[in-house]
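Since the structure comes first, as structure tokens, the remarks are kept for the end.
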Amino acid sequence: MRSRLVATAMFALFSNVLCIAAVSLSMSMPLKASRTIDDMDKKGRAEPVSQSKNSDVVVTAPREEHYPVTSKASSQFQEEAILARQANSEAQFFSRCIKAKDAPLLRQLVDSPPNSPIRSSALDRIVKNHSACYPGFNPISGASQNFFGDCNPRGSFQPVFDPKSHRLVRAVADRTICQAFFDRGAIVGKVIELYTQNLTLSVVQLNRADVVSRFRIREERFDKSRAKDERLFTTVVSCLVEAHPEVALQYSGSKANSSSETRLQRALIGLTPECVGGKKKVEVDPSVFRVFVTDAVYSWMIALRGTDSLIPPG
């Protein structure tokens, strides 16, 4: 019996959750594939989804037109989606500066409960420690405690006209998201690259009772600190990763905003209707979806290793 973590409630919200998350919250590594996806089209109409640079194993799936589920970028909150795309690209750029010497802060950032002061403080310190690498670093903003870790808002700003002075006196964000959400997601991806070069993920591994138990214990603890929409989408994405861990691992390490990233995202969603409540069509914000998937990949890796962190004590 498979242990798939199928989400059982509120699937009608699935197409909107990532847009909501983008508003409210707001590496390239080889795939170590250990098997071929078992959802091959019976007539053999298959194509490669991904291939490891260090392996002859090719992960294949039915051609996209045969996927049980079709996915596309959300048509809602388009301004936020553009901001999220930019934020994701800049976060991926910044993550290249993260090194193993950052291990103590990385443990606090990656392994502390969501939305916790420890997590936000660690991210703030990491950004300041690598400020020369951080796109658009503003030392004035950095003077505020945990500015870069709490949110670090970015958005489209519109000046406000003061009728008394007939001047534009201040600027207010018309649409904003939190850069910190994407920065942490990119850093989690970098941690996977730094510390799991020889670790494989397979359905057989993730269906072991001990692995599922450890995964559930960690996620239940973290759920206490998550917002409602975060909990829902984490459950859905965890199911997707468990169903096709090879694709998820490759996706989390793909180049941001690339055709490879898009292809892997569509495969991850399209091949797993049981994780999206049997829906035929879903809409997601690609940039936000990537952060959730990367986090789920990391959580499954921790469960597989049977440890509380992939980062060695520093």
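Just so you know, these numbers come straight off a predicted model, no measurement behind them.
Rounding to the nearest 0.5 Å gives a distance of 8.5 Å between CG of Leu194 and CD1 of Ile311. For the atom pair Ser120 OG and Arg125 CZ, the distance stands at 11.5 Å (nearest 0.5 Å). Taking CE of Met301 as the reference point, atom OG of Ser309 lies at 12.5 Å (rounded to 0.5 Å). Taken to the nearest 0.5 Å, the CZ atom of Phe289 stands 13.0 Å off from the CG atom of Asn88. With rounding to the nearest 0.5 angstrom, the CZ atom of Phe147 is 10.0 Å from the CD atom of Gln179. Separating the OG atom in Ser131 from the CZ atom in Phe148 is a distance of 8.5 Å, to the nearest 0.5 Å.
A 4.5 Å side-chain heavy-atom check between Pro245 and Val203 finds at least one atom pair inside the cut-off. Residues Glu246 and Leu201 are not in side-chain contact: their nearest non-hydrogen atoms beyond the backbone lie 4.5 Å or more apart. Annotation: side chain of Gln265 is in contact with side chain of Val284 (closest heavy-atom distance under 4.5 Å). Arg154 is listed as a side-chain neighbour of Gln86, based on a closest heavy-atom distance under 4.5 Å. Residues Arg208 and Arg214 meet the side-chain proximity criterion, which asks for heavy atoms closer than 4.5 Å. Using a 4.5 Å heavy-atom threshold, the side chains of Asp111 and Tyr298 count as touching.
Ring geometry, Phe94 versus Tyr134: the interplanar angle exceeds 60°, so the pair is classed perpendicular (tilted spans 30 to 60°). Between Phe181 and Phe292, the angle of the ring planes lies from 30° to 60°, which puts this pair in the tilted group.
Between Asn115 and Glu230, the side chains place a donor N or O and an acceptor N or O closer than 3.5 Å (distance only, hydrogens not considered). Side chains of Arg290 and Ser252: a donor-acceptor N/O pair is absent below 3.5 angstrom, by distance only.
Each of Leu310, Val297, Thr294 was compared with Val188 under the side chain to side chain contact (heavy atoms under 4.5 Å, CB included) criterion, and only Thr294 meets it.
Taking every heavy atom of both residues into account, Val237 and Ala296 meet most closely at CG1-CB, 3.9 Å. Nearest heavy-atom pair across Phe222 and Arg119 is CE2-NH2, 4.1 Å. Nearest heavy-atom pair across Leu264 and Ser254 is CD1-CB, 4.2 Å. The shortest non-hydrogen separation linking Pro135 to Phe93 is CG-CD2, 3.8 Å. Nearest heavy-atom pair, Leu268 versus Thr272, reported as atom, atom and distance to 0.1 Å: O-OG1, 3.2 Å. Summarising the geometry of Pro113 relative to Arg221, their closest heavy-atom pair is CG-NH1, 4.4 Å, with the distance given to 0.1 Å.
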Exercise. Take Val127 and Leu123 through the side chain to side chain contact (heavy atoms under 4.5 Å, CB included) test and state the conclusion after the steps.
Key: CA-CA 6 Å; Val127 170; Leu123 178 55; 4.1 Å; yes

Quiz item: Do Lys190 and Asp102 pass the salt bridge (charged side-chain N to carboxylate O under 4.0 Å, His left out) test, and can you show the C-alpha distance, the side-chain angles, and the key distance before you say yes or no?
Solution: CA-CA 11 Å; Lys190 184 65 176 182; Asp102 298 307; over 6 Å; no

Quiz item: What do the steps show when you test Lys224 against Arg231 for side chain to side chain contact (heavy atoms under 4.5 Å, CB included), and what is the final call?
Solution: CA-CA 9 Å; Lys224 296 177 182 178; Arg231 290 195 301 272; over 6 Å; no

Quiz item: Can you check salt bridge (charged side-chain N to carboxylate O under 4.0 Å, His left out) on Asp295 and Arg184, steps first, answer last?
Solution: CA-CA 9 Å; Asp295 214 35; Arg184 181 186 176 276; 3.1 Å; yes

Quiz item: When you look at Thr235 and Glu219, which way does the side chain to side chain contact (heavy atoms under 4.5 Å, CB included) test go after all the steps?
Solution: CA-CA 9 Å; Thr235 301; Glu219 291 306 299; over 6 Å; no

Exercise. Please step through side chain to side chain contact (heavy atoms under 4.5 Å, CB included) for the pair Ser299 and Arg218, ending with a clear verdict.
Key: CA-CA 8 Å; Ser299 294; Arg218 184 178 191 269; 2.7 Å; yes

Quiz item: Are Arg226 and Asp223 close enough, and set up right, to give a salt bridge (charged side-chain N to carboxylate O under 4.0 Å, His left out), and what steps lead you there?
Solution: CA-CA 5 Å; Arg226 289 181 174 125; Asp223 274 349; 2.7 Å; yes

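Taken together through direct or relayed side-chain contacts under 4.5 Å among Ile, Leu, Val, Met, Phe, Trp and Tyr, Ile126 and Ile118 form parts of separate hydrophobic clusters.
With hydrogens and angles ignored, the 3.5 Å screen pairs a side-chain donor or acceptor of Ser95 with a backbone N or O of Gln92. Here the side chain of Gln108 pairs no donor or acceptor atom with the backbone of Leu105 at under 3.5 angstrom. Proximity of a side-chain donor or acceptor of Thr196 to a complementary backbone N or O of Leu199 within less than 3.5 Å is not detected.
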